[in-house]
2 protein chains.
Amino acid sequence: MVHIPNEPVPSPSAPRSVPTSADVARLAGVSRATVSYVLNNTSAVRISEPTRRRVHEAAKELGYVPHAAARSLRAGHSRMVLIPTPNVPVGPLYNQFFNELQWALSRLEYTVVQYGDLSPHGDEAARAWAELRPVAVLVPGGGLGPQGLAVLKRSGARAVVTLGAERVEGAHAVLLDHEGVGHSAGRHLLARGRRAVGVVVPEEPGLEMFSKPRLEGVRRALQGTGATVTELPLAYEEEAAARLAARWRPLGLDAVFAYNDEYAMLLMRALQDEGIAIPRETAVIGADDLMLGRLLRPRLSTVHIELPSGRDLAELVDRAVRDPGVAPEVHEVLGTRVVQRESS
Amino acid sequence: MVHIPNEPVPSPSAPRSVPTSADVARLAGVSRATVSYVLNNTSAVRISEPTRRRVHEAAKELGYVPHAAARSLRAGHSRMVLIPTPNVPVGPLYNQFFNELQWALSRLEYTVVQYGDLSPHGDEAARAWAELRPVAVLVPGGGLGPQGLAVLKRSGARAVVTLGAERVEGAHAVLLDHEGVGHSAGRHLLARGRRAVGVVVPEEPGLEMFSKPRLEGVRRALQGTGATVTELPLAYEEEAAARLAARWRPLGLDAVFAYNDEYAMLLMRALQDEGIAIPRETAVIGADDLMLGRLLRPRLSTVHIELPSGRDLAELVDRAVRDPGVAPEVHEVLGTRVVQRESS
DNA sequence: TTGAAAGCGTTACCAC
DNA sequence: GTGGTAACGCTTTCAA
């Protein structure tokens, strides 16, 4: 017996509900199967030209749009790549990288879902991510543990890529060597003959993940050289920078590595306003190589960070999705390179 | 008769496929319905404590995670808010706004999907968006026509909000008055006694949407005053700025409005390198009120743009979702305000 | 060439 | 209290 769904009688002017393939079939006078064949251009089945036309016309008339969730439910997989929003204030570098990545993934016909994090602990969050049954998950910033990874894999994720300082066994990893950034900066300042190096550490919460390794990198670079490292907490505000600058001379520093270019610009300006000569009295170097660093005078020296291109990462994801059996790749990135300009 | 799905015999060490509520039910020795009741804490039905425990244990043991798509297929609606990625290079202002918005929507338990645009024409793109059956769609940058709106509504979107210069009949709108930004800048320069105003127009493709109205705003402000407007195409590179600066004096301009602060900083630096006194010879004003504008000397004047807070917009979406019948709201935003510093 | 029907994972309704 | 079963919208195998 044909099953008749208890459809509500469509009153003529009621806002009719969203049309399904069954509606199209009805209007075209064919079966749902035929509709599917026609609209998906299934090559295994030949449908007569008049029928095709009728189906297309019916679909157009009703404004039919297939239901992606139903489709992937049936198919057993989706092409969704889930990327949790980092719950820390990210800089322009990350935003640019993310946009590039998203674009590249779109080109490969993935749908990118940026998932707004609320639960800070990755292993709980992973459950929420898994509910969406993404084919791949790209986790920035080390919020994933082995537990979380297991949940994701079990729920069908064919590729999990972490993007951060540490790797998780069993997942692909793009290792961001923040320690190396600090190390480059430290070595550079040392080579320029500096012996008392300040390191700006942002006070904004959530950035410790990046700022601590950068600080440690400087420490390592100066180890055993007799040069000193002084930690300098700084909020991203003009007033805070001015206060730090006001007590600068007593600190006895002859160089400063400022976490990134934005903090570097902020501090350098404050130092100049205080009458401190740069680089003569104090050398300044930032990181991230932002365009704007070139606009100050002296031009800001910086540690350029070689992020993987969005395209490369998208291709890594795609490879992993196509062949989930492949051994997890670990990409050491962040080729760091000092760009010496005039401030150091 | 109980239906027995033809499940593949699970070889002991094979990567077992993703567990479903049926698996949990089997392991716990109860029905799928009971599993659903227990895991969703359905209050209408009371389940014995031992049963609850067995279900929870089975779920944990299997690492069961519910399938969001199946759930929303069944429920007939999702809580997905779809936001297409603008296919133009967006500035830090938009990125910050987007992050805020995303965060606010998450708090209201919406899932934000940033959809990577490929088809430039909104009315076609709308079909792709509609496949995801989002409960709300937030379209930045005027890529939506009446056709597209109709498709979205028909496919069940309960709220459609455009974010741009023009509104679409029937959709909520947050109107960004770029023309007003230019107007403010123009009036300000006029009030400072300037008579020959240059307007920087980025050469980067895709920004015309913003730059043209800003230019027109300046034109309108100066109309009938005898002051002149000169359009100045400029790429976002130091060399381009230097070239423009090199031919500056012959242009005979005594002021320039530079699209936004980034272009303003770039140009101002190039002008200074050319020996042009700012603001004496040429006044400079930007827009967007970026922190970094305060770091140049002279400090950069700017047009501050009052974007709606992410929270406000999230609440607008939520209201519209809860009561789709409500008349579309039109929010005129962009209270523009000139922040005069030292460059004008 | 077309159609009937099974089934994806979930929840709501209605018997037991 | 608990369990069977239909139904969400779609694809696909098998039969006609």
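In what follows, chains carry the letters A, B, and so on, assigned in the order in which the sequence lines appear, proteins first and then strands, with residues in each chain numbered from 1.
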Should the heavy atoms of other residues, nucleotides or ligands under 6.0 Å from CD of B:Glu329 be counted, would the total exceed 12? yes
Counting heavy atoms not belonging to A:Gln147, are there more than 12 under 6.0 Å from its CD? no
Round to a whole Å and report the spacing from [atom1] of [X] to [atom2] of [N].
{"X": "B:Arg54", "N": "D:dG3", "atom1": "CZ", "atom2": "C1'", "result": "13 Å"}
{"X": "A:Leu73", "N": "C:dT10", "atom1": "CG", "atom2": "P", "result": "9 Å"}
{"X": "B:Asn41", "N": "C:dT11", "atom1": "CG", "atom2": "C1'", "result": "15 Å"}
{"X": "A:His67", "N": "D:dC8", "atom1": "NE2", "atom2": "C1'", "result": "8 Å"}
{"X": "B:Leu132", "N": "D:dG9", "atom1": "CG", "atom2": "P", "result": "16 Å"}
{"X": "A:Leu39", "N": "D:dG9", "atom1": "CG", "atom2": "P", "result": "16 Å"}
{"X": "B:His77", "N": "C:dT10", "atom1": "NE2", "atom2": "P", "result": "16 Å"}
{"X": "B:Arg26", "N": "D:dG3", "atom1": "CZ", "atom2": "C1'", "result": "15 Å"}

Under 3.5 Å, side chain of [X] to main-chain N/O of [Y], donor-acceptor pair present?
{"X": "A:Arg79", "Y": "A:Glu109", "result": "yes"}
{"X": "B:Asp23", "Y": "B:Thr20", "result": "yes"}
{"X": "A:Arg133", "Y": "B:Pro66", "result": "yes"}
{"X": "B:Thr85", "Y": "A:Asn99", "result": "no"}
{"X": "A:Ser72", "Y": "A:Ala75", "result": "no"}
{"X": "A:Arg54", "Y": "A:Ala28", "result": "yes"}

Output for pair (A:Leu316 CG, A:Arg311 CZ), nearest 0.5 Å, gives 13.5 Å
Spacing of B:Leu307 atom CG and B:Phe98 atom CZ [to the nearest 0.5 Å]: 14.0 Å
Between [X] and [N], does any side-chain N or O lie under 4.0 Å from OP1 or OP2?
{"X": "A:Arg71", "N": "D:dT11", "value": "yes"}
{"X": "A:Thr20", "N": "D:dC8", "value": "no"}
{"X": "A:Ser72", "N": "D:dC10", "value": "no"}

5′-ward residue of the pair B:Ala75/B:Thr51 relative to DNA chain D: B:Thr51
Taking for each residue the nucleotide of DNA chain D with the nearest heavy atom, is it B:Ala70 or B:Gly29 whose nucleotide lies nearer the 5' end? B:Gly29
Give one of base, sugar-phosphate or nothing for B:Ile47, where a contact means two heavy atoms less than 4.0 Å apart. sugar-phosphate
Measuring from the side chain of B:Ser48 (C-beta onward, heavy atoms only), which nucleotide among D:dT11, D:dG1, C:dT2 has the closest atom? D:dG1
Can you tell which of C:dT10, D:dG1, D:dG4 lies closest to the side chain of B:Ser31? D:dG4
Kindly give the atom pairs (protein nitrogen or oxygen, nucleotide nitrogen or oxygen) under 3.5 Å for nucleotides 12-14 of chain D.
{"unit_1": "D:dT13", "atom_1": "O4", "unit_2": "A:Tyr37", "atom_2": "OH", "d": "3.0"}

Angle, rounded to 10°, between the helical axes spanning five pairs at each terminus of the helix from C:dT1-D:dA16 to C:dC16-D:dG1? 50°
